[in-house]
Amino acid sequence: MTPRLVAGEMVELQRTFASTFEKQAAEVMARREKFIIALCGGSVAAAFFPLLPSLAVNWTHVEVFWVDERAVPPTHPESNFALASRLFLVPARIPAERIHRMHGELPDLNQAARRAADELKAVAGDPPLLDLAIVGVGEDGHVASIFPSEATGGVATAVAHERMGDPPVLAVHDSPKPPVRRLTLTLSVLAHSSLVIVAAFGASKADALRGAIHGSGSATPVAELLRRAPASLVLLDREAAGLS
Ligand code: 6PG
């Protein structure tokens, strides 16, 4: 479905993010006492997560997962969990039993992926259905830790080989963005979410976003995600939108 696109100043993007999050939470929680979200790391987390604690959301019923995690301990400065914890989970007082972090510190990443997959399926079903996924975008068009691959003409190798019934969480051992070892949800899981918010800031992201939004031939992970997601909101600052 065609994404809803909002491009402009950061304060406008923050306002749209906050109102979209609140509306989605209200709609889902009017049907059932559970709102299942997946969070990214990076600049999108830094820009948007501080807004969350003051939203009108019943945080005691929000189940928190991650779209990806770096293979570091949960206290490490590179940990996506640590960032979300500081900016959102602690200030919003999310109950510990609703926080489902990926265990990137485990020496066996495949085991960490299986553990994360089991926890996701136990809460969100099989195949998992997220109510909201929040992702950033890399210059190369990656989302979460799904990176494009030359071998497959742009589509990530993992995406090209995805099959129905595959595990929803993958171990990544060769990420071009450091750290090289990561855990990620698959594109199928992200694209199956009821709503996907894609956000990007800065001129270095402009080409990837232009291709994903306007270029029907683009095969990057972000283009695939926007093509497949049932509903999506794209938030771009002026530079990422190519407006300045
Ligand atoms: C991560 C992310 C990753 C990120 C993009 C964009 O763990 O690094 O979840 O997918 O969102 O790389 O990162 P920036 O917004 O910081 O450029």
Side-chain angles (χ1 to χ4, degrees), residues 7 10 13-14 17 37-52 64-89 100-105 109 112-113 116 120 130 132-149 155-159 168-187 189-191 193 196-209 211-212 220-226 229 232-241:
M10 182 55 81
L13 306 183
Q14 288 175 322
F17 173 82
I37 63 174
L39 308 174
C40 63
S43 65
V44 174
F48 292 158
F49 293 178
L51 306 167
L52 292 172
V64 184
F65 291 87
W66 274 261
V67 301
D68 73 339
E69 183 55 279
R70 296 106 183 254
V72 294
T75 48
H76 194 278
E78 293 263 23
S79 159
N80 287 346
F81 162 77
L83 183 63
S85 189
R86 183 162 51 82
L87 301 179
F88 163 41
L89 308 176
H100 311 280
R101 73 175 181 87
M102 291 173 169
H103 290 257
E105 73 280 16
L109 266 196
L120 180 62
L130 298 169
L132 174 63
I134 303 165
V135 301
V137 183
E139 296 172 20
D140 56 0
H142 75 255
V143 289
S145 290
I146 305 163
F147 295 88
S149 132
V155 182
T157 313
V159 173
V169 184
L170 296 175
V172 177
H173 300 275
D174 55 357
S175 158
K177 177 181 177 180
V180 293
R181 298 173 70 246
R182 291 161 169 263
L183 293 159
T184 188
L185 297 186
T186 60
L187 199 84
V189 173
L190 294 174
S193 309
V196 179
I197 298 181
V198 174
F201 317 127
S204 64
K205 314 280 176 78
D207 283 349
L209 269 304
T220 59
V222 66
E224 279 288 314
L225 177 60
L226 291 177
S232 54
L233 166 67
V234 179
L235 298 171
L236 305 180
D237 68 2
R238 298 182 58 79
E239 290 75 21

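Treat the numbers as computed from the prediction; the structure is a model and nothing was measured. For ligands, and for the atoms within them, numbers begin at 1 and follow the listed sequence.
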Can you tell me how the ring of Phe48 sits relative to the ring of Phe17, calling it parallel under 30°, perpendicular over 60° and tilted otherwise? parallel
Give a yes/no on ligand 1: does Glu139 have at least one heavy atom closer than 4.0 angstrom to it? no
Tell me the protein heavy atom at minimum distance from atom 9 (O) of ligand 1, and give that distance in Å. Asp68 OD1, 2.6 Å
Which atoms of ligand 1 sit under 4.0 Å from any heavy atom of Gly41? 2 (C), 9 (O), 11 (O)
So Asn80 and Leu39, do their side chains get closer than 4.5 Å, heavy atoms only? no
Which atoms of ligand 1 sit under 4.0 Å from any heavy atom of Lys205? 14 (P), 15 (O), 17 (O)
Considering the heavy atoms of Arg182, write down every atom of ligand 1 situated less than 4.0 Å from one of them. 1 (C), 7 (O), 8 (O)
Considering only heavy atoms from C-beta outward, does the side chain of Val44 approach that of Phe201 to under 4.5 Å? yes
Would you call Ser79 and Glu69 a side-chain contact if the rule is heavy atoms closer than 4.5 Å? yes
Is there a side-chain contact between Leu183 and Leu109 in this structure, where contact means two heavy atoms from C-beta onward sitting under 4.5 Å apart? yes
Can you list the atoms of ligand 1 that are under 4.0 Å from a heavy atom of Ala144? 3 (C), 10 (O)
When distances are taken from atom 4 (C) of ligand 1, the protein heavy atom at minimum range is Lys177 NZ, 3.8 Å
Separation between CD of Glu105 and CZ of Phe81, rounded to the nearest 0.5 Å: 9.5 Å
Member of Asp68, Leu130, Leu170 meeting the side chain to side chain contact (heavy atoms under 4.5 Å, CB included) criterion with Leu185: Leu130
Hey, which atoms in ligand 1 end up nearer than 4.0 Å to a heavy atom of Gly42? 16 (O)
Numbering as shown, the atoms of ligand 1 that approach Val137 to under 4.0 Å (heavy-atom distance): 6 (C)
Return the option from Pro221, Ser43, Gly104 holding the heavy atom at the smallest distance from atom 16 (O) of ligand 1. Ser43
In Asp140, Val135, Val143, the residue satisfying side chain to side chain contact (heavy atoms under 4.5 Å, CB included) with Val222 is Val143
Structural part of Glu69 in contact with ligand 1, heavy atom criterion under 4.0 angstrom: neither
Under 4.0 Å from any heavy atom of Arg70, which atoms of ligand 1 are there? 1 (C), 7 (O), 8 (O)
Applying a 4.0 Å heavy-atom criterion (strictly less than), which segment of Ala200 is in contact with ligand 1: side chain, backbone, both, or neither? neither
Nearest-contact summary for atom 5 (C) of ligand 1 - protein heavy atom, Å: His142 NE2, 3.3 Å
Which atoms of ligand 1 are found less than 4.0 Å from any heavy atom of Gly136? 11 (O)
Where does Val135 meet ligand 1, judged by heavy-atom distances below 4.0 Å: at the side chain, the backbone, both, or neither? neither
